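All remarks here apply to the structure that follows.
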There are 2 protein chains.
Amino acid sequence: MSFKLLARSASRLPRLALAISRNSLPLASTYSQHSQYRHHSTKTVRLTAENYPDVKRDPRFAHLTDTDLAFFRSVVGDKQVITDSNDLAAYNEDWMRKYRGQSKVVLKPKSTSEISTLLKYCNEHLLAVVPQGGNTSLVGGSVPVFDEVVISVANLNRVRSFDETSGILKADSGVILENAESFLAEHGAVFPLDLGAKGSCFIGGNIATNAGGLRLLRYGSLHGSVLGLEAVLPDGTIYDSMHSLRKDNTGYDLKQLFIGSEGTLGIITGISILCPARPRSVNVAFLGLESYDKVRETFRRARADLCEILSAFEFMDRKSQVFASRFTGLPHPLAGEDNTDVPDYPFYVLIEVSGSNKEHDDAKLESFLESVMEDETVADGTVSQDETQLKTLWRWRESISEASTMFGGVFKYDVSLPLPKMYSLVDSVAERLKEKGLLSFEDSSKPVADAIGYGHIGDGNLHLNVCVREYAKEVEEALEPFVYEQVQANRGSISAEHGVGFQKKHYIQYSKSPVEIQMIKDLKKHYDPKGIMNPYKYI
Amino acid sequence: MSFKLLARSASRLPRLALAISRNSLPLASTYSQHSQYRHHSTKTVRLTAENYPDVKRDPRFAHLTDTDLAFFRSVVGDKQVITDSNDLAAYNEDWMRKYRGQSKVVLKPKSTSEISTLLKYCNEHLLAVVPQGGNTSLVGGSVPVFDEVVISVANLNRVRSFDETSGILKADSGVILENAESFLAEHGAVFPLDLGAKGSCFIGGNIATNAGGLRLLRYGSLHGSVLGLEAVLPDGTIYDSMHSLRKDNTGYDLKQLFIGSEGTLGIITGISILCPARPRSVNVAFLGLESYDKVRETFRRARADLCEILSAFEFMDRKSQVFASRFTGLPHPLAGEDNTDVPDYPFYVLIEVSGSNKEHDDAKLESFLESVMEDETVADGTVSQDETQLKTLWRWRESISEASTMFGGVFKYDVSLPLPKMYSLVDSVAERLKEKGLLSFEDSSKPVADAIGYGHIGDGNLHLNVCVREYAKEVEEALEPFVYEQVQANRGSISAEHGVGFQKKHYIQYSKSPVEIQMIKDLKKHYDPKGIMNPYKYI
């Protein structure tokens, strides 16, 4: 594959031939990492209860009885009550293979009213419940900790309706994101969210975790695009607010509470969501830059010059590209013909533009690139010529996550920080690990191979991956609470898009004030006074 | 002024010369109707307590004492405690001149902590409170009903910060929307909201009422663009969540509850909001169409063809244009040279596009117009040639509100309805009023001149104005609950953007189910157990 290289100075800049436009062209993130990643290790995951002996089973909760099972079977039918230990494994274990629960039953209801009956029963009998979607949580949010009853929404998987004029989709919560996306593509629309796990994750889980992903820069957060919701409260009450209205100013916007509640307030069963018109043209530019300040400056100018067609602005440090290069074995897009190594730029940027008119998009992107290269804000770059190249360029961003685990494992931090200070966190973490003699890329006796940074700069969202050869306790102690303290000092968020789940429950005070935490606790108690919904997590 | 007319068939379509682009070009709604409208009548407004004798003062609430006044003065200073009856008038009376309260004191604190001290005191002493911003509510939400203490945020009027890279504005809640807009224009950004009352309304009030307005189609709702909030709860607790993060997934998104809470949960004192890059070019097309179905079809195609540059899609029925024509005395933009009357098309559409490149926007708009005229979806049209013409075209949409009061008064309904059924509400209301012998445009002995419809079709938001010669009880009885029943039957909202306030408190059941209403009531009690915040309204 050959990329058309941009010259380093504008005077040598050739006319760019950009990617061909196709109505069916996929947007960002066509490269799914999910299935591969899940099975990278076959060793048994230790029980969460063993790994975290300080977390105790809440003695208030009842233990599952045969009477309970008989009731569950009467509601959802024998086949939708899973009790076989082999079958249970996939529901007890998380995608990261860090957590393993001990649930003895998984229920797979087929309707909202069945869920209502189940929850009412569990609430009355004090049976703790874990709602589960595609089980792709990165923070242990979707698996049981002890013997909670798992209620899966996998059987709620119908698209209910789509209105082509308004772009409003109504669907069950168990629809797989990729299926929703394929359905919408046929109707000239696009789901306002995209992420790596789209082949597995459910749209209900996306809403329950307020997933961010790759289209947030363009289409905004789910708090803006979700128009209606159907959910079952812990006591079995069905909250039906499946409106297809863009505007409704009558009363508090209750559905907002469920967006990002991670299954602690109830089970989302249906969503109504505004889906934008599908762009007809998508282009990607991949740039090399000489400093983080120039990354920021490039972003500022992309917002102004590319304005309405800017759909992604991702940045990667050089270290992340070195990992991706090793992992994929591919020549780097900005490497020379003879030398396929990752060039020396400390930072790389992937810019995606998408719009309704390919010629216009090409012209805007070209003019923008000319401008940022002329004054040397950007040092080098390339632009995709077709869909294959577009996917390949995205791969240099998307394979980082997998590549990070190449040496054995990874400590992943997903934080929000104000832009000016965003990258310095990676430097200070790397420095700290070096100071403690824990980090070396070359020396395999050190537990840490490197600390790399990348992410959605448009959203102020940094992914810090500390790539380790082993999960050493001293590494964890060097990182935590250090990382969280740094985030707190800069008024950032300790979880930009992955949520809180089990992993970050005890760190929320680094992002939220005591007043906020108390308000969150009060709301939890308000809606789930018995605390049966997704216990031991979130708050 | 001469407009370049589009020919009725595409073969005669001339090349369009569109409006010149300017960096400082204002977006939609530069024509403010506010000050003029406010003073269209000088007669005294009847007390709300007299007009609505069924609404009784809650005897639990304390009466203002000299001790209270002394305390208030000690907190905010003598000058910021208003007790003079002449000075109080403007705070007691609403913008529509339909409601008049009897408050004996208005407090104008200068800081969040002063508001905290005041609310804590009022809560402890059971003094009911009305938070007040620019007092431009259309539903009586911002004035007292009886003798509530008014707390105005007018003195909280500083822009706190603006970050040019991310576009995040932090400001006090009492900043006037137009001032925020001017400030942002200087920094290449735009407030993601615009509305007619912008010269008076406060951005805190915009958030408290979840204002919709003219940019929602492009920039989405405030639930998506508000990133952080600072508010004082009824007990004086300061909820400080002034984040400048696009992403923060730690805990329930509490700020969402305040967006659209209309002062019933606390007083918003600061906001952090994402402001998009300012478009460099704005164009407006004004079209005549032969049916409502063609309006919908035009919208469907505008979404697909104009996609990322579509910034407004407003529709107006012919009757609304007749009113606007009489009111402004201007020749209609689609009228011939000899005949300045409103042409016979039953529907008109105003399309605004805005983007970063004028040539591209012009080309897209031209190509779109050619396409919809070629197959006669659109019958006639004109495009603005410069900023003056752009404003004039907007005036045919924006003057409708004022024009509606020309005969004496207006019953305003602001509803959301699914698009297919949206306009039929206007027809059925007009028919009903005719059947009852109440409506005639010519016969001035009839109380109703006409029922007209217009609104933001992009948002499914219909404004139904029943223009009356007098506020006759039989007209009100013919309209209510009829209008609300129609909305309910179509699962619409009885208040798309104006909110609930005092006017619609007893009609919320037409938009919300018993479960939703109970949940709203429960939340109100959760945050304001003594019920001191903006009583007699909302829920």
Side-chain angles (χ1 to χ4, degrees), chain A residues 164-166 188 210 212 220-221 223-224 237 239-241 244-254 256-257 259-261 277 296 299-300 303-305 307-309 355-357 360 364 416 418-419 459-461 492-497 499-500 508 511-513 515-516 519-520 523 526 539, chain B residues 164-166 188 210 212 220-221 223-224 237 239-241 244-254 256-257 259-261 277 296 299-300 303-305 307-309 355-357 360 364 416 418-419 459-461 492-497 499-500 508 511-513 515-516 519-520 523 526 539:
Chain A
E164 295 212 12
T165 310
S166 61
N210 189 29
S221 94
H223 288 288
T237 299
Y239 162 67
D240 174 6
S241 190
S244 54
L245 304 171
R246 283 203 67 171
K247 287 174 168 175
D248 172 25
N249 265 352
T250 56
Y252 310 128
D253 196 351
L254 300 166
Q256 301 289 350
L257 289 175
I259 302 174
S261 63
R296 283 173 54 211
F299 176 57
R300 193 188 66 74
R303 276 188 84 231
D305 293 355
C307 194
E308 69 275 8
I309 62 165
S356 59
N357 184 306
H360 294 170
K364 284 190 184 91
S416 273
L419 280 191
D459 315 329
N461 183 181
S493 169
I494 59 152
S495 186
E497 50 181 19
V500 180
I508 194 170
S511 280
K512 291 280 192 280
S513 68
V515 167
E516 291 172 294
M519 286 173 75
I520 291 168
L523 263 190
H526 180 77
I539 191 77
Chain B
E164 296 212 12
T165 310
S166 62
N210 188 28
S221 94
H223 288 288
T237 299
Y239 163 68
D240 175 5
S241 189
S244 54
L245 304 171
R246 283 201 68 171
K247 287 175 170 176
D248 173 25
N249 266 352
T250 56
Y252 310 128
D253 196 350
L254 300 166
Q256 301 289 350
L257 290 175
I259 302 174
S261 64
R296 283 172 56 210
F299 176 57
R300 192 187 65 76
R303 277 187 85 232
D305 294 354
C307 194
E308 69 274 10
I309 62 165
S356 59
N357 183 306
H360 294 170
K364 284 192 185 89
S416 273
L419 279 191
D459 315 329
N461 184 182
S493 169
I494 60 153
S495 188
E497 52 181 18
V500 179
I508 194 169
S511 281
K512 291 281 192 281
S513 69
V515 167
E516 290 173 293
M519 287 173 75
I520 292 167
L523 264 189
H526 180 78
I539 191 76

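Reminder, nothing fancy here: chain letters follow the sequence lines and each chain counts from 1. Predicted model, so just to flag it, every value in this text is computed and none were measured.
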Give the minimum heavy-atom separation between [X] and [Y], together with the two atoms involved.
| X | Y | value |
| --- | --- | --- |
| A/E164 | B/R303 | O-NH1, 3.6 Å |
| B/K247 | A/A496 | CB-O, 3.3 Å |
| A/L245 | B/S416 | CD2-CB, 3.7 Å |

Quick one: of [options], who has the most non-hydrogen atom pairs under 4.5 Å with chain A?
| options | answer |
| --- | --- |
| B/S166, B/S513, B/G260, B/P418 | B/S166 |
| B/G220, B/G224, B/G460 | B/G224 |
| B/L254, B/I508, B/N461, B/T237 | B/L254 |
| B/A304, B/G212, B/G492 | B/A304 |
| B/I259, B/L257, B/V500, B/T250 | B/T250 |
| B/I309, B/I539, B/D240, B/N357 | B/D240 |

Atom pair NZ (A/K364) and NE2 (B/H360), whose distance is rounded to the nearest 0.5 Å: 5.0 Å
Heavy-atom distances under 4.5 Å only: say whether [X] touches chain A with side chain, backbone, both or neither.
| X | value |
| --- | --- |
| B/I520 | both |
| B/L523 | both |
| B/F299 | side chain |
| B/K512 | side chain |

B/H526/A/H526 aromatic ring centres below 6.0 Å: yes
Heavy-atom pair count under 4.5 Å with chain B, highest-scoring of A/S495, A/C307, A/A277, A/S511: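 Looking at each of A/S495, A/C307, A/A277, A/S511 in turn, A/S495 comes out on top.
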Most contacts with chain B, counted as non-hydrogen pairs under 4.5 angstrom, among A/S493, A/G499, A/G355: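 Result: the option with the highest number of such pairs is A/S493.
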Intermediate values then yes/no, side-chain contact (heavy atoms from CB on, under 4.5 Å), B/E308 and A/S356: CA-CA 7 Å; B/E308 69 274 10; A/S356 59; 3.3 Å; yes
Any side-chain heavy-atom pair of B/D248 and A/I494 under 4.5 Å: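 Counting from C-beta outward, B/D248 and A/I494 never come under 4.5 Å.
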Non-hydrogen side-chain atoms of B/T165 and A/R300 separated by less than 4.5 Å: yes
